[in-house]
Structures are given as structure tokens and as C-alpha cells.
Amino acid sequence: IVKATSQAEKCSTPVISIKDNQLFVHSDTEGASYHTSIVANDHKNVVHGEEPIELDGQYLITTYATADGYSDSDPATATLVWNKKDDICTELGEIKMGTDRMLLLQSVGDNIVVSGTTEGESIYLYDISGNLLYQGKATNASITIPYSCIEGQIYMVKVGASAFKYLF
């Protein structure tokens with residue numbers, strides 16, 4: 001086994017994507033292995049009775065690639081959103097939250113990349129008060145929204161008839 005040295009070329013940073021509600025990680029480095037951590041934002045220890053435990057269905061994914069002869073890649077992160085929520089009423093009308101659909105949301109520079117879309121779907125970005133921040137249409141399995149979110153703020157991304165809360 002050849003161990004990578006600090007002088008070695010870095011593995012290509014992995015790309016996190018979804019297709020048909022399945023999560024994939026890929027790097028352009030041939031023979032790479034992936035080290036992926038998935039942390040549920042709603043993971044909690046609770047003391048409770050018979051009432052249901054509320055879950056928000058949001059997961060932080062962090063991954064990096066390794067390969068013989070290469071140093072570790074830079075990490076890639078994304079937020080996986082798969083929630084079933086009550087409908088939300090905003091100043092702009094009702095947003096349907098009940099869904100069994102998965103989206104992958106990533107902040108890339110001053111943009112938000114949404115994966116899991118289909119061509120022609122309407123895409124909207126709202127702040128938590130219901131103010132429309134972006135409106136567009138997907139051209140393929142992902143769309144880039146030119147909007148710089150504020151860390152720690154909750155946004156709503158509506159894709160077609162499905163809406164998702166996103167904690168940036």
C-alpha cells in the first residue's frame with residue numbers, strides 16, 4: 001500500500017448528487033474511495049410519552065475522497081432535504097409542504113445549487129416571512145439560484161408543487 005505524502009496531487013473534490021431519490025458521491029480521481037458523514041439536523045435525545053417525535057428531515061452531508069498516491073481531497077458539503085410537513089400560509093398564499101420527494105441543496109459561492117429537479121419545473125426561493133427572493137425554471141436535474149443566503153437563516157425552496165425548508 002502506498003501512502004500519500006503531503007507533496008502528492010490532491011484527489012478531485014467529490015460531487016454530491018441525487019437521482020431518483022438516491023444519494024451519489026463521485027470524484028474524477030480514478031479508484032477513489034469516499035468518506036461520507038451524514039448528520040441529521042433533527043437528531044435529538046428526548047424524553048416523551050405517546051406523542052410523536054417531530055423530525056424536520058434535513059441532513060448535513062460531508063464527504064471527501066482518498067486514493068493511493070494522492071492526498072485527501074477538499075471536503076464537499078450539501079444539505080439533503082426530505083420532509084413531510086404541514087402546509088404553510090404566507091403573504092403570497094399557501095405553500096404545500098407534504099411531500100415524499102428529496103432535494104439536495106448546496107451553497108456554492110454566492111449561489112444555491114438545487115439538485116433533484118426535472119426540466120421545466122418552476123423553482124422559487126422564499127425567506128421565512130414568505131417574501132419571494134427568486135423565481136425561475138429548471139433546465140435539467142439541477143439549477144443554480146443566484147442568491148447569497150445568510151448563515152443561520154431559514155429559507156423555503158419550492159420546486160414544482162413541493163416546498164422544503166432549508167436552514168443555511
*For residues I143 and Y134, determine if any side-chain heavy atom of one lies less than 4.5 Å from a side-chain heavy atom of the other.*
yes
*For A8 and G69, work out which heavy atoms get closest and say how close.*
CB-O, 3.5 Å
*asked:* Between K10 and S71, do the side chains contain a donor N or O and an acceptor N or O under 3.5 Å apart?
replied: no
*Would you give the length of the straight line joining atom CD1 of I16 to atom OG of S115, rounded to the nearest 0.5 angstrom?*
9.5 Å
_Nearest 0.5 Å, please: how far is CG in L125 from CG in N131?_
11.0 Å
*asked:* How long is the straight-line distance from OG1 of T118 back to CG of N140, given to the nearest 0.5 Å?
replied: 10.0 Å
_Ignoring hydrogens, what is the shortest heavy-atom contact between P146 and N111? Give both atom names and the distance._
CA-OD1, 3.2 Å
*asked:* Working to the nearest 0.5 angstrom, can you tell me the gap between T117 OG1 and K137 NZ?
replied: 12.0 Å
*Stepwise side chain to side chain donor-acceptor pair (under 3.5 Å) check, H35 with T66*: CA-CA 8 Å; H35 306 266; T66 61; 2.8 Å; yes
*Could you tell me the separation between the CD atom of E30 and the SG atom of C11, rounded to the nearest 0.5 Å?*
11.5 Å
_Would you say that T29 contacts Y70 through its side chain, given a criterion of any heavy-atom pair below 4.5 Å between the two side chains?_
yes
_Plane angle bin for Y147 and Y155 - parallel if under 30°, tilted between 30 and 60°, otherwise perpendicular_ = perpendicular
*Evaluate whether atom CG of D110 has more than 12 neighbouring non-hydrogen atoms of other residues, nucleotides or ligands under 6.0 angstrom away.*
no
*Would V15 and V25 count as a side-chain contact (heavy atoms from CB on, under 4.5 Å) if you check the C-alpha gap in whole Å, the side-chain angles of each, and the deciding distance to 0.1 Å?*
CA-CA 6 Å; V15 174; V25 177; over 6 Å; no
*A78 and L104: which non-hydrogen atoms are nearest, and at how many Å?*
CB-CD1, 3.8 Å
*asked:* Strictly distance-based, threshold 3.5 Å: is any side-chain N or O of S27 a donor or acceptor partner for the main-chain N or O of S12?
replied: yes
*Measure across Y64 and P75 and return the closest heavy-atom pair with its distance rounded to 0.1 Å.*
CB-CA, 4.2 Å
*Do we see a donor-acceptor contact under 3.5 Å between the side chains of T36 and T63?*
yes
_Before you tell me yes or no, could you show the steps for V113 and L105 under side-chain contact (heavy atoms from CB on, under 4.5 Å), namely the whole-Å CA-CA distance, both residues' side-chain angles and the distance that decides it to 0.1 Å?_
CA-CA 6 Å; V113 177; L105 304 162; over 6 Å; no
*For the pair I38 and L23, evaluate side-chain contact (heavy atoms from CB on, under 4.5 Å) and give the outcome as yes or no after the intermediate values.*
CA-CA 11 Å; I38 301 174; L23 182 67; 4.0 Å; yes
*Drop me the distance from E9's CD to S73's OG, to the nearest 0.5 angstrom.*
12.0 Å
*Which heavy atom in A65 sits nearest to a heavy atom in P14, and how many Å separate them?*
N-CG, 3.7 Å
*Before giving the answer on side-chain contact (heavy atoms from CB on, under 4.5 Å), spell out for V157 and Y124 the whole-Å C-alpha distance, their side-chain angles and the decisive distance to 0.1 Å.*
CA-CA 6 Å; V157 177; Y124 302 91; over 6 Å; no
